[in-house]
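Taking it in order: structure first as structure tokens, then the write-up.
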Amino acid sequence: MSHNTPDGLTGLALTPDTFHLRCAINGESIERDVAVDRSLLSFLRDDLGLTGTKGSCLEGECGSCTVLIDGVPVNSCITLAAQVNGRQVVTIEGLSRDDKLAILQEKFLEAGAVQCGYCTPGLILAATALLQENPEITEEQLIKGVEANICRCTGYSSIVEALRNAHREMHS
Ligand code: FES
Ligand code: FES
């Protein structure tokens, strides 16, 4: 199961090749001209320098490039930058507040759930979306809910531990 892709373009192309994009990234309004075929992943990493979002399979299968668009986890490698026109995008850089990590980030570190780290931002954002959407979610639903995010390093046990610990802290 892979994450969603947003609906079609909602703005107007400036030329056949460029698009004037207005959106919010991690709460900050931005306006940029982007190529109509630029992926959101490339836009975030290469144009905005938000390299926390990782690309791996680049075909919508692994979840490492997950970002939140209006709170919904989306694979940014198969999403056009132009498709986030008028929307709110959150990347892993947008989760910490005043240099304080979010609970999920803390628990991933504590559990040793980060090895190469390629899957980590996507996993944390997918879990964040689940917790925001349903604050009463159970531990098992939370763990099941991130199954679209593949990890090649950890064997998942430390990731499951991190998710359980974050869930317990949020619901204690
Ligand atoms: S890099 Fe986007 S789903 Fe794998
Ligand atoms: S820590 Fe390497 S892919 Fe998950």
Side-chain angles (χ1 to χ4, degrees), residues 1-9 19 21 23-26 32 34-85 87-96 101-133 139-167:
M1 185 178 71
S2 61
H3 293 309
N4 303 306
T5 50
D7 298 334
L9 304 185
F19 184 89
L21 171 65
C23 64
I25 310 282
N26 297 329
R32 295 285 175 100
V34 295
V36 291
D37 61 354
R38 190 109 164 116
S39 74
L40 178 59
L41 173 64
S42 179
F43 178 66
L44 291 169
R45 288 181 56 87
D46 302 328
D47 291 6
L48 302 185
L50 296 172
T51 55
T53 306
K54 306 300 185 198
S56 184
C57 72
L58 304 181
E59 54 186 23
E61 295 295 334
C62 74
S64 73
C65 63
T66 303
V67 299
L68 304 185
I69 300 178
D70 293 341
V72 176
V74 168
N75 291 321
S76 61
C77 69
I78 54 169
T79 301
L80 296 174
Q83 285 178 285
V84 301
N85 194 50
R87 300 185 186 216
Q88 306 267 345
V89 179
V90 174
T91 70
I92 193 70
E93 289 90 346
L95 289 193
S96 53
L101 294 178
I103 290 173
L104 277 162
Q105 291 173 303
E106 280 178 5
K107 298 306 175 192
F108 267 67
L109 285 175
E110 287 172 10
V114 182
Q115 289 189 23
C116 80
Y118 254 66
C119 67
T120 313
L123 270 162
I124 288 175
L125 284 163
T128 297
L130 288 165
L131 287 160
Q132 286 176 348
E133 182 184 298
E139 279 183 24
E140 296 313 319
Q141 287 171 327
L142 179 62
I143 292 161
K144 177 93 177 142
V146 299
E147 67 181 7
N149 292 74
I150 295 169
C151 176
R152 295 177 194 280
C153 305
T154 64
Y156 296 101
S157 57
S158 55
I159 291 171
V160 168
E161 181 186 339
L163 292 170
R164 285 196 196 285
N165 290 343
H167 185 278

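Counting starts at 1 for both ligands and their atoms, in listed order.
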Proximal atoms of ligand 1 relative to Gly60 (non-hydrogen, under 4.0 Å): 3 (S)
Using 2.8 Å as a strict upper limit, say whether an N, O or S atom of Cys57 approaches atom 2 (Fe) of ligand 1 that closely. no
Are any non-hydrogen side-chain atoms of Leu123 and Phe108 less than 4.5 angstrom apart? yes
Note: heavy atom closest to atom 2 (Fe) of ligand 2, options Cys153, Gly112, Ser64, belongs to Cys153
Short list, please: which atoms of ligand 1 are under 4.0 Å from a heavy atom of Leu58? 1 (S), 4 (Fe)
Hey, are the side chains of Ile159 and Val146 touching, using non-hydrogen atoms and a 4.5 Å cut-off? no
Numbering as shown, the atoms of ligand 1 that approach Glu61 to under 4.0 Å (heavy-atom distance): 3 (S)
I'd like to check which ligand 1 atoms, numbered from 1 as shown, lie under 4.0 Å from a non-hydrogen atom of Cys77. 1 (S), 2 (Fe), 3 (S)
Can you find a pair of side-chain heavy atoms, one from Glu93 and one from Ile25, that are under 4.5 Å apart? no
Which atoms of ligand 2 sit under 4.0 Å from any heavy atom of Gly117? 1 (S), 2 (Fe)
The atoms of ligand 2 lying under 4.0 Å from a heavy atom of Cys116, numbered in the order shown, are 1 (S), 2 (Fe), 3 (S)
Cys119 atom SG and Cys151 atom SG as seen from atom 4 (Fe) of ligand 2, angle to 10 degrees: 100°
What are the atoms of ligand 1, with element, lying closer than 4.0 Å to any heavy atom of Cys65? 1 (S), 2 (Fe), 3 (S)
Side-chain contact test, heavy atoms from C-beta onward, threshold under 4.5 Å: evaluate it for Glu161 versus Lys107 and give yes or no. no
Nearest candidate to atom 3 (S) of ligand 1, where distance is taken over non-hydrogen atoms, out of Ser76, Gly63, Ser56: Gly63
Counting backbone and side-chain atoms alike, does Cys62 have an N/O/S atom under 2.8 Å from atom 2 (Fe) of ligand 1? no
Calculate, to the nearest 0.5 Å, the distance between atoms OG1 and CG belonging to Thr53 and Leu125 respectively. 7.0 Å
Any atoms of ligand 1 less than 4.0 Å from a non-hydrogen atom of Asn75? List them with their elements. 3 (S)
Does the salt bridge (charged side-chain N to carboxylate O under 4.0 Å, His left out) test come out yes or no for Glu139 and Lys144, once each step is laid out? CA-CA 9 Å; Glu139 279 183 24; Lys144 177 93 177 142; over 6 Å; no
Is there side-chain contact between Thr79 and Val67, with heavy atoms separated by less than 4.5 Å? no
Any side-chain heavy-atom pair of Leu80 and Phe19 under 4.5 Å: no
To the nearest 0.5 Å, what is the distance between CG on Leu142 and CZ on Arg164? 9.5 Å
With heavy atoms only and a cut-off of under 4.0 Å, state how Glu59 meets ligand 1: side chain, backbone, both or neither. neither
